[in-house]
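Below: the structure, in C-alpha cells.
By convention here, the first residue in the shown sequence is residue 1. All values derive from a computational prediction rather than experimental measurement.
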Amino acid sequence: SYIVTIFVPAGNYEEITGSVAFTIGQRELTDVQWSGLTGSYTGSARAASVTGVTGLATENGFSDALQSLGLQFTYSGAAFDGTAYGENSAAPVNAGNYTVTAVLNNANYCFAEGGDTVSAEYTVSKVMLTVKADDAKVTYGGDAPVYTVTITGFVNGEDEGVLDELPAATSAYTKQTGVGSVTITVSGGSDNNYAFPVYSEDNYAALTVKAAGLTISVNESVSRTYD
C-alpha cells in the first residue's frame, strides 16, 4: 500500500494539500508446471522443480522471468519402510511417497487464495531387480547342494549386500530322488529401495541328479575244488 500526497501551491487559487492511499495488489500465479515429480531410486537425491507458471507480468514491455520468483523447495513425507522425512530443503534419496512444496520469495506475486506456497505429490519408486536361480548338479544319493541365486539390476554401484532380505532358492530334492531333473524355485526378498518380481518359471533353474557310479570288485583268492 502507498500514499500519494498532492500539493497545489498558492497563485490564482488557494493553496491546498491532499493525500490518497492506493494499493498495488499481488498477481496470482496459476497453472504451476512441475518437473521431476516421479522417478525411480538412483542412490542419489533427485530434486523437483517448477518449469512454468501462468500469470507473470508482461505489460508495457516489461516481463518477469520465472527465476524472479525466488522459489525455494522443501520436502516431507516418508520412505516405504516408514522412516519419516520432514521439512527438509534437500530432496530425499530413498524410495517413498513425499510432498514437495515451492515457497515464493517475491512480494509481487502469490499463489491461489493469496498463499505463498504450492505443493505437489513427489514419488521415488523402487527399482525392479532381476532374480534367477542358478542351475546345479548332484549325484544320486548325495547331499543337496547349496542353492544360489543371481540378482542383477542394482544402481549406483550397490549390490545384494544392501538388501533387507535376500531371496532364497530351494528344491524338493532328497537323497531318495531318482536320476533326472528337479526344479529349483525362488522365493522371498525385500528391501526399501528395490522391488522383487512375482516369481515364475522364468526365475527358476534345474537341479540335475546324475547317476551314481558303481564299483565292482572280484576276490581273486576264492577257489573251489572240482567235483
Side-chain angles (χ1 to χ4, degrees), residues 1-11 13 15-129 153-158 162 164 191-195:
S1 297
Y2 302 89
I3 296 177
V4 176
T5 300
I6 303 172
F7 172 70
V8 179
Y13 300 94
E15 179 180 307
I16 60 172
T17 301
S19 300
V20 62
F22 73 98
T23 300
I24 300 177
Q26 292 177 309
R27 293 180 66 99
E28 183 174 310
L29 301 173
T30 60
D31 189 26
V32 179
Q33 299 148 43
W34 291 88
S35 176
L37 293 179
T38 59
S40 298
Y41 170 75
T42 63
S44 302
R46 178 180 51 79
S49 63
V50 170
T51 58
V53 295
T54 298
L56 289 173
T58 57
E59 289 85 355
N60 302 318
F62 175 81
S63 179
D64 269 344
L66 183 63
Q67 290 76 13
S68 70
L69 300 179
L71 294 175
Q72 295 180 326
F73 299 89
T74 60
Y75 301 83
S76 61
F80 288 132
D81 66 359
T83 302
Y85 192 89
E87 293 300 325
N88 199 314
S89 60
V93 173
N94 292 323
N97 292 318
Y98 306 92
T99 298
V100 56
T101 299
V103 183
L104 270 174
N105 284 283
N106 188 321
N108 294 321
Y109 293 95
C110 67
F111 291 117
E113 300 180 356
D116 62 355
T117 63
V118 63
S119 298
E121 297 304 310
Y122 171 97
T123 302
V124 180
S125 58
K126 294 184 179 185
V127 174
M128 179 62 69
L129 295 174
F154 293 99
V155 299
N156 200 39
E158 295 178 342
V162 304
D164 295 332
D191 190 67
N192 178 47
N193 294 317
Y194 292 97

Starting at OG of S119, measure out to CZ of F111 and round the result to the nearest 0.5 Å. 9.5 Å
Would you check if the side chain of N106 reaches a backbone N or O of N108 as a donor-acceptor pair within less than 3.5 Å? yes
Step by step, would you call V118 with W34 a side chain to side chain contact (heavy atoms under 4.5 Å, CB included)? CA-CA 11 Å; V118 63; W34 291 88; 4.1 Å; yes
Keeping Q26 on the side-chain end and A107 on the backbone end, is there a donor-acceptor pair under 3.5 Å? yes
Could you tell me which non-hydrogen atom of N193 sits nearest to which non-hydrogen atom of A95, and how far apart they are? OD1-N, 2.8 Å
Whether the Y75 and E87 side chains hold a donor-acceptor pair (N or O, under 3.5 Å, no angle test) is what I'd like checked. no
With distance as the sole test, does K126 use its side chain to make a donor-acceptor pair with the main-chain N or O of D191 at under 3.5 Å? yes
Shortest non-hydrogen pair, D164 vs N192, comes out as OD2-N, 3.4 Å
Which pair of heavy atoms, one from R46 and one from T123, lies closest together, and at what distance? NH2-O, 2.9 Å
Do S125 and S40 get their side chains close enough for a donor-acceptor pair, meaning under 3.5 Å? yes
Do P92 and N94 make a side-chain contact, defined as non-hydrogen atoms from C-beta onward lying under 4.5 Å apart? no
Note, N105 side chain near L69 side chain (heavy atom, < 4.5 Å): no
D31 (side chain) donor-acceptor with V53 (main chain) under 3.5 angstrom: no
Working to the nearest 0.5 angstrom, can you tell me the gap between D64 CG and R27 CZ? 8.5 Å
Separation of L56 CG from L66 CG (nearest 0.5 Å): 6.5 Å
Considering only heavy atoms from C-beta outward, does the side chain of L71 approach that of L104 to under 4.5 Å? yes
Considering all heavy atoms, the nearest A91-A47 contact: CB-CA, 3.8 Å
Does V100 form a side chain to side chain contact (heavy atoms under 4.5 Å, CB included) with L37? I'd like the steps, not just the answer. CA-CA 8 Å; V100 56; L37 293 179; 3.7 Å; yes
Atom of V127, atom of G153 and distance for their closest heavy-atom approach: CG1-O, 3.6 Å
Closest heavy-atom pair and its distance - F73, S49: CZ-CA, 4.1 Å
Looking only at side-chain N and O atoms, does D116 offer a donor or acceptor that is under 3.5 Å from a partner on Y109? no
Are Y122 and N97 side-chain neighbours, meaning at least one heavy-atom pair lies under 4.5 Å? no
Determine whether Y194 and E158 make a side-chain contact, defined as any pair of heavy atoms from C-beta on separated by less than 4.5 Å. yes
